[in-house]
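Scroll down for the structure; my scribbles are underneath it.
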Amino acid sequence: MGKLLQIIIVTVLITALLCVGAIVGYSLNDAKVEHEVGLTDIEIPQYSMVDLGFVHAYEQARGLPYAAGAILDIDNDGTEEIFLGGGVRQADGFYHYVDDHFVNVVDQTGFVKQGDDITLGAAVIDMDSNGYDDLIISRESGLYLYYNNEGVFSLKKLDIEFPAGAFPLGVAITDLNDDGFVDFFVPIVRRAEPMDWLVGDIEQQGIPPRLYINDGEDNFSEITEAVGISDIAEARQIIFADLDNDGLDDITMLHTNGTLSTWKNLGDLLFENRSHFHTSRKGYYTAMAAGDYDNNGDMDFFIANRGSTHPAALANLLHNKQEPFTSEWIVMKNSGFFTFKDGGADTRLAGYEIGRGAIFADLNNDGRNDLVVSQNHPYWPPHILEQLRLPGRIFVQNMAGEFGETATLTETVNKSYGVTPLRADFNNDGYVDIVNVNMGERNKVFLSKAGNNNYLKIKLPGSSRSLGADILVKTVSGTEMKRTYQVGGVLCSDSSHIIQVGLGQEKVTDVLVQYRDGTIDHTSGVLYNTIVTFE
């Protein structure tokens with residue numbers, strides 16, 4: 001009997017070792033570059049890493065694997081600051097760039113975080129139209145509005161209640177009725193245990209998001225069902241963007257049950273659900289990014305998924321579902337009028353691993369949007385070990401519309417628990433800098449090293465008037481590019497609102513801004529490597 005017990009113990013140990021070895025081998029292989037994409041004659045951006053000194057405080061027992069970040073210019077001096085939301089029992093911070101490093105200046109701003117709860121989301125908008133960036137902050141305890149009066153913040157807690165055990169995960173900002181006041185949609189999430197995340201509980205409807213309208217004095221009333229939005233599942237991320245170029249902000253929602261929904265704005269505070277190919281595809285979606293990656297004037301979407309990190313066989317074993325679902329990354333190529341094509345294969349993005357927050361940004365100023373994706377999750381067991389984590393992905397787009405992975409070439413590897421990247425230009429070299437909002441670990445900035453291409457920056461008023469404005473840029477050769485002014489659009493966070501247009505070797509002759517209220521701003525000349533500001 002003793003010998004049999006020894007055999008059983010040895011067998012169990014060998015099996016365990018084999019399983020561990022298999023997991024390690026799979027995880028190491030998971031980080032390989034999936035596709036070889038030709039980047040000949042494409043400028044590869046270069047960066048240097050700066051440690052912010054901000055270590056986010058995360059506790060898994062709190063069950064909220066999110067962290068907030070935002071880019072804003074606190075004092076209107078032309079250099080933007082980084083807002084970083086604190087974790088459990090941790091203050092928020094503001095980081096100002098000076099002499100190649102960042103300094104926490106929160107004590108100089110009058111900014112106060114009350115309580116010990118987690119700061120989950122942040123969005124930047126000039127609520128009172130005084131010319132200074134204000135902040136809408138979401139925390140476990142609710143929504144907070146911080147008014148900026150010439151660089152000093154004052155606090156107002158919004159009178160909005162959420163269900164017990166539910167928390168606002170940021171806000172998606174718009175001006176629904178074009179009255180000049182900020183309205184917002186709030187995704188609301190519950191605490192989740194690691195096993196819930198692993199299983200992917202796509203049957204649960206959860207707590208539906210809520211849409212709020214402003215009475216003009218920053219008091220908000222819920223109007224979700226009144227505008228025709230009903231019977232919707234809990235959402236992780238919501239983006240307002242005009243999907244059919246009719247001048248009205250439509251809604252794209254990424255739901256925690258693994259579905260996507262899009263809603264057409266009919267005007268007069270009414271929305272209609274629009275189904276298409278992608279709304280019928282279920283997945284383990286984690287976040288999305290909006291941008292016109294193919295420069296055809298229509299807003300496209302990238303949707304991060306669990307990818308090869310969560311293989312289909314394991315998903316089927318844990319989930320035990322008969323219905324089809326996808327683990328691949330999704331690219332929704334907008335063909336207009338709420339018609340989207342599957343661009344994952346054509347862009348060479350479909351086969352990668354788990355992604356989280358993502359942004360489109362022209363990293364090398366060649367006129368084509370590139371893609372930055374944060375990676376790693378505290379609920380995925382192999383990621384407990386840093387050696388088994390993913391590098392974070394930086395993709396540069398080539399002239400064929402394919403995205404080539406360049407994290408190693410650009411020296412932007414980030415093996416922390418990344419929540420989302422943000423973009424800005426702190427060193428004012430005209431090239432995009434990347435902020436990594438990391439959870440439970442140090443936050444990092446990758447400062448760009450200026451390349452050889454031209455650029456143009458465009459700054460609009462930071463108030464609700466600019467929401468959804470279209471910026472048309474015409475070059476000397478007659479090329480036209482369209483960009484849209486957006487607030488938010490990033491998981492829990494908000495990138496710089498300064499529009500950056502890469503020009504390659506081109507120069508700009510005209511910049512036309514079409515606001516949603518019908519007014520137009522225009523400037524002309526030979527413009528490049530500068531910033532154009534519309535007051």
Side-chain angles (χ1 to χ4, degrees), residues 27-28 30-34 44-58 65-71 82-85 87 93 95 97 101-102 286-287 289 302 304-309 329 349 352-361 363-364 370-380 382-396 403-427 431-449 490-496:
S27 297
L28 290 172
D30 196 31
K32 75 179 189 303
V33 174
E34 295 296 327
I44 304 300
Q46 298 297 310
Y47 298 88
S48 58
M49 195 272 284
V50 178
D51 189 331
L52 286 173
F54 182 88
V55 181
H56 178 266
Y58 170 70
Y66 301 98
I71 308 298
I82 306 170
F83 168 81
L84 292 173
Y95 286 82
Y97 179 73
H101 68 283
F102 290 84
T286 50
F302 164 79
N305 208 340
R306 297 193 188 179
S308 58
T309 302
W329 290 5
L349 288 170
Y352 280 88
E353 331 82 8
I354 186 172
R356 297 203 73 192
I359 56 171
F360 282 111
L363 301 179
N364 56 6
D370 307 304
L371 181 68
V372 186
V373 184
S374 290
Q375 293 186 301
N376 302 311
H377 201 290
Y379 290 176
W380 184 242
H383 288 174
I384 294 172
L385 298 176
E386 184 177 343
Q387 295 86 344
L388 300 183
R389 293 182 195 166
L390 300 161
R393 296 297 190 183
I394 304 286
F395 297 94
V396 173
F403 287 79
E405 208 285 330
T406 63
T408 302
L409 293 175
T410 55
E411 299 184 9
T412 54
V413 171
N414 177 41
K415 287 197 170 187
S416 301
Y417 291 129
V419 177
T420 193
L422 302 175
R423 65 164 186 85
D425 182 12
F426 302 108
N427 54 11
Y431 275 64
V432 169
D433 304 322
I434 300 169
V435 179
N436 286 120
V437 180
N438 293 328
M439 184 188 65
E441 296 177 293
R442 304 185 83 82
N443 285 243
K444 304 171 184 175
V445 176
F446 290 102
L447 291 174
S448 62
K449 300 176 182 178
V490 186
L491 180 65
C492 305
S493 300
D494 202 358
S495 274
S496 172

Once you round to the nearest 0.5 Å, how far does CG of Asp370 lie from CG of Leu363?
4.5 Å

For Leu52 versus Tyr95, what's the shortest heavy-atom pair and its separation?
O-CE2, 3.3 Å

Heavy-atom donor-acceptor pair, Thr410 side chain to Ala407 backbone, under 3.5 Å
yes

Under the ring pair (Phe, Tyr, Trp, His ring centres under 6.0 Å) criterion, do Phe102 and Phe54 qualify, and how do the steps go?
CA-CA 10 Å; Phe102 290 84; Phe54 182 88; over 10 Å; no

Answer yes or no: is there a donor N or O on one side and an acceptor on the other, between the side chain of Ser495 and the main chain of Arg423, under 3.5 Å?
yes

State, to 0.1 Å, how close Phe360 and Ala289 come at their nearest heavy-atom pair, and which atoms those are.
CE1-O, 3.7 Å

Lys444 NZ to Asn438 CG distance, which is reported to the nearest 0.5 Å:
6.0 Å

For Val437 against Gly69, the heavy-atom pair lying closest together
CG2-CA, 4.1 Å

Heavy-atom pair of closest approach, residues Asp425 and Tyr431:
OD1-O, 3.3 Å

Taking only Lys NZ, Arg NE, NH1 and NH2, and the carboxylate oxygens of Asp or Glu, determine whether Arg393 and Glu353 approach each other closer than 4.0 Å.
yes

Donor-acceptor pair, His56 side chain versus Met439 backbone, under 3.5 Å?
no

Counterpart residues, ring pair (Phe, Tyr, Trp, His ring centres under 6.0 Å), relative to Phe446 (two or more places apart)
none

Is a side-chain N or O of Thr406 found less than 3.5 angstrom from the main chain of Phe395, in a donor-acceptor match?
no

Hits for ring pair (Phe, Tyr, Trp, His ring centres under 6.0 Å) against Tyr58, two or more places apart or cross-chain, chain-then-number order -> none

Donor-acceptor under 3.5 Å (Gln46 side chain, Ser48 main chain)
no

Would you say that Tyr417 contacts His377 through its side chain, given a criterion of any heavy-atom pair below 4.5 Å between the two side chains?
no

For Glu386, which residues count as a side-chain contact (heavy atoms from CB on, under 4.5 Å) partner, sequence neighbours excluded?
Arg389, Lys415

Between the CG atom in Asn376 and the OG atom in Ser416, the distance rounded to the nearest 0.5 Å is 8.0 Å

